[in-house]
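On a predicted model such as this, the values are computed, not experimentally measured, just so you know. In what follows, chains are A, B, ... by sequence order, proteins preceding strands, each numbered from 1.
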There are 2 protein chains.
Amino acid sequence: MNTPASGSPGSPEDRAARVVLTWLAEPGNRTVWALVQEHGAPAAVELMAAGEIPDASLRAAVLAKLAGHDPQRLADAALRKAERLGARIVVPADDEWPGQVDSLALLDPEPPGQVNRDVRPPLCLWARGPWALADTLARSVAVVGARAATGYGTQVTSDIAYGLAEHDWTVVSGGAFGIDAAAHRATVAAGGRTIAVLACGVDRPYPAGNSAMFERIAEAGLLISEWPPGSEPLRHRFLIRNRVIAAATVGTVVVEAAARSGAAQTMSRVLALRRVAMVVPGPVTSAMSVGCHELLRSHPDAILVTGLGQVLEAVGRIGEYASDPPRGHSHPRDELDQESALVLEAVPGRGTASPDELALRSRLPLRTVLRRLSLLELAGLVERRDGGVALSRRPGAGR
Amino acid sequence: MNTPASGSPGSPEDRAARVVLTWLAEPGNRTVWALVQEHGAPAAVELMAAGEIPDASLRAAVLAKLAGHDPQRLADAALRKAERLGARIVVPADDEWPGQVDSLALLDPEPPGQVNRDVRPPLCLWARGPWALADTLARSVAVVGARAATGYGTQVTSDIAYGLAEHDWTVVSGGAFGIDAAAHRATVAAGGRTIAVLACGVDRPYPAGNSAMFERIAEAGLLISEWPPGSEPLRHRFLIRNRVIAAATVGTVVVEAAARSGAAQTMSRVLALRRVAMVVPGPVTSAMSVGCHELLRSHPDAILVTGLGQVLEAVGRIGEYASDPPRGHSHPRDELDQESALVLEAVPGRGTASPDELALRSRLPLRTVLRRLSLLELAGLVERRDGGVALSRRPGAGR
């Protein structure tokens with residue numbers, strides 16, 4: 001492996017800068033993301049330290065945080081601490097970076113009635129465990145749900161997660177009590193790979209009551225987090241974390257959810273990112289299934305699944321498993337940002353177009369078109385074909 | 001009330017002929033229905049007795065049945081027996097005829113993969129109970145499901161039926177053990193009106209184990225059947241009967257159903273007739289919910305309902321109850337017969353057209369257009385407006 005030039009993506013400076021940026025502002029922040037895209041991470045740190053950012057409240061928060069701190073020292077300390085713990089930092093320039101999380105850049109930051117303001121892609125991921133992120137997440141399904149799961153939910157979750165592991169799928173969940181823990185445990189029991197995406201440092205996974213489970217996951221699977229070691233599981237971080245679970249996986253299964261839970265937001269993103277949204281129904285007399293039924297009623301493109309077979313069918317490549325005709329009609333475009341929507345609009349319904357043609361048709365700069373195209377490709381909305389760009393032939397089939 | 005001329009619709013001859021026709025061939029038979037439409041019921045009996053019908057196997061069956069019988073005497077006996085029992089016969093010419101069942105004539109008798117061959121409208125209905133059919137069925141919801149219902153299904157059914165009765169909706173079901181009986185009983189308990197649509201004579205409702213319940217229904221609601229008193233509940237008659245439940249009501253709720261049950265066929269017809277198809281989910285671990293989940297997976301226009309509120313919302317006129325946006329996209333045209341589809345196709349997307357214009361555009365005779373229009377109107381697909389015919393403004397709102 002060549003050592004990248006100082007400050008370039010993947011260099012020690014780039015890594016350290018991403019650590020600092022995550023400390024200065026919560027992951028997903030769109031101002032920070034835009035600066036990194038435009039100038040690179042090290043320059044973004046300098047601009048923020050110099051107060052040269054458009055967002056006034058962010059500027060004030062950053063300057064207050066930096067007072068009396070040397071960002072470089074903070075980053076070094078975090079990286080040393082991680083090394084002691086057997087954790088590593090993964091950045092977009094690394095081979096093991098799971099590129100599909102970058103498709104979060106496609107989400108419209110301001111859809112009406114949505115709280116998508118700060119859903120930009122992660123700047124870095126901390127990881128503990130023996131597997132490379134990209135490979136392990138390439139065939140992964142999220143299984144998530146209520147902390148206050150019932151025996152019913154726990155049983156259904158265990159059956160699905162165990163079976164996914166047996167079919168060589170990685171199971172991803174959030175590490176919480178209830179459905180999350182049932183998913184991780186069943187996967188470990190099946191000898192499969194499970195990934196806990198945490199809303200705190202990988203050195204002190206929350207909740208502590210699951211710590212024996214987390215140790216097993218760190219040995220047999222992966223603990224990953226956007227926050228550096230030592231970070232607290234603050235309440236708002238769970239919502240920030242959820243976007244990574246939605247984007248990193250081929251599909252998400254919600255097993256139990258209370259009324260008006262966070263599951264609705266997760267499902268909207270899963271669908272917007274063209275991942276497979278799956279929901280397990282339950283007794284209408286169970287408070288823990290109310291959220292699942294809400295999801296099925298309000299998201300016509302969410303798929304009702306009753307067990308492993310239907311999950312495999314929904315996430316499997318067409319033909320790999322027997323499949324139902326896809327139900328409903330997907331409108332992922334509705335949640336795309338304006339530039340992405342314009343580029344997608346310009347792609348012909350049949351045949352292909354060159355990026356130059358797309359730039360002409362969309363009236364966007366070629367550079368913008370190229371950037372959006374790679375994200376649209378990651379999201380499974382377009383594909384390269386016959387030397388041009390075409391609409392994806394596998395709508396709804398995930399990435 | 002004027003006495004209709006001999007042999008004309010509603011005359012004693014017409015009634016007797018309809019009794020004979022139902023005895024000669026099972027209700028819904030399309031050959032019989034076509035003869036009655038063309039020639040009237042008394043002439044249809046004569047043609048059939050003379051062997052002048054195109055369907056060879058029906059002709060043979062009819063002649064064998066008639067051997068040694070006087071059809072007029074049979075009809076008289078059935079009508080006398082009914083009178084003794086406090087039952088009456090209702091025919092299309094009667095004020096209390098529930099006209100919406102005639103929209104069954106819209107169903108394509110030969111859609112691919114469907115068993116709709118003999119789903120023509122009833123020729124007559126036998127009734128026991130104090131209410132007029134048309135009024136009682138105008139605001140009615142079918143609540144149906146498995147005989148081998150679980151405690152869960154029985155509870156959910158009772159809650160929904162009781163609540164429907166409290167909101168002045170008539171509850172319609174099939175009289176079977178399990179979900180049907182729970183629906184009838186809860187409605188009676190609420191002091192509401194319930195209708196059992198039977199697959200046998202109204203004098204000996206099946207199953208006998210529910211006979212106390214049937215007596216209560218005959219006092220407080222209605223027992224109705226297409227078959228004359230004394231008829232046996234033959235196995236194939238339940239499927240024939242089901243089309244009446246689908247067509248007579250504003251919507252149908254399926255509470256529990258085993259895998260590959262008859263509920264799928266019922267739901268297809270409910271949707272084809274533009275009625276509201278509702279399904280209650282349940283535990284994925286319950287064999288009695290497998291059919292419900294199949295329905296929800298395979299019929300994107302079926303609405304998942306978790307209780308009374310969502311049922312009322314789905315069947316209520318727009319604005320009468322708070323309502324969700326309708327989900328999915330209805331294609332009732334897919335199951336229409338060809339003539340109806342052509343007429344519907346000819347109705348302009350905006351504004352109105354006269355029947356003459358529709359005849360020109362559809363290249364069908366004006367008489368055919370007029371007949372199809374009244375059925376399309378009953379099915380809620382078109383409406384009279386500004387002196388012409390327009391597409392219905394209330395898609396999905398039932399009749």
Check whether any side-chain heavy atom of B:Thr252 sits under 4.5 Å from a side-chain heavy atom of B:Val144, and report yes or no. yes
Would you call B:Leu312 and B:Leu308 a side-chain contact if the rule is heavy atoms closer than 4.5 Å? yes
Find out whether A:Leu381 and A:Leu344 are in side-chain contact, i.e. whether some heavy atom of one side chain is under 4.5 Å from a heavy atom of the other. yes
Enumerate by number any residue of residues 172-183 of chain A whose heavy atoms lie under 4.5 Å from heavy atoms of chain B; in the absence of such residues, state 'none'. none
A:Ser103 versus A:Arg275, side-chain donor and acceptor atoms under 3.5 Å: yes
Is any side-chain heavy atom of B:Val305 less than 4.5 Å from a side-chain heavy atom of B:Val279? no
Using a heavy-atom distance cut-off of less than 4.5 Å, which residues of residues 280-295 of chain A contact chain B? A:Val280, A:Pro281, A:Gly282, A:Pro283, A:Val284, A:Thr285, A:His293
Is the shortest heavy-atom distance from the side chain of B:Asp159 to the side chain of B:Thr157 under 4.5 Å? no
Sub-4.5 Å side-chain heavy-atom contact between A:Leu106 and A:Leu376: yes
Return yes if some donor-acceptor pair links the side-chain N/O of A:Gln155 with the main-chain N/O of A:Gly151 below 3.5 Å, else return no. no
Is B:Arg147 salt-bridged to B:Glu256, cutoff N-O under 4.0 Å? no
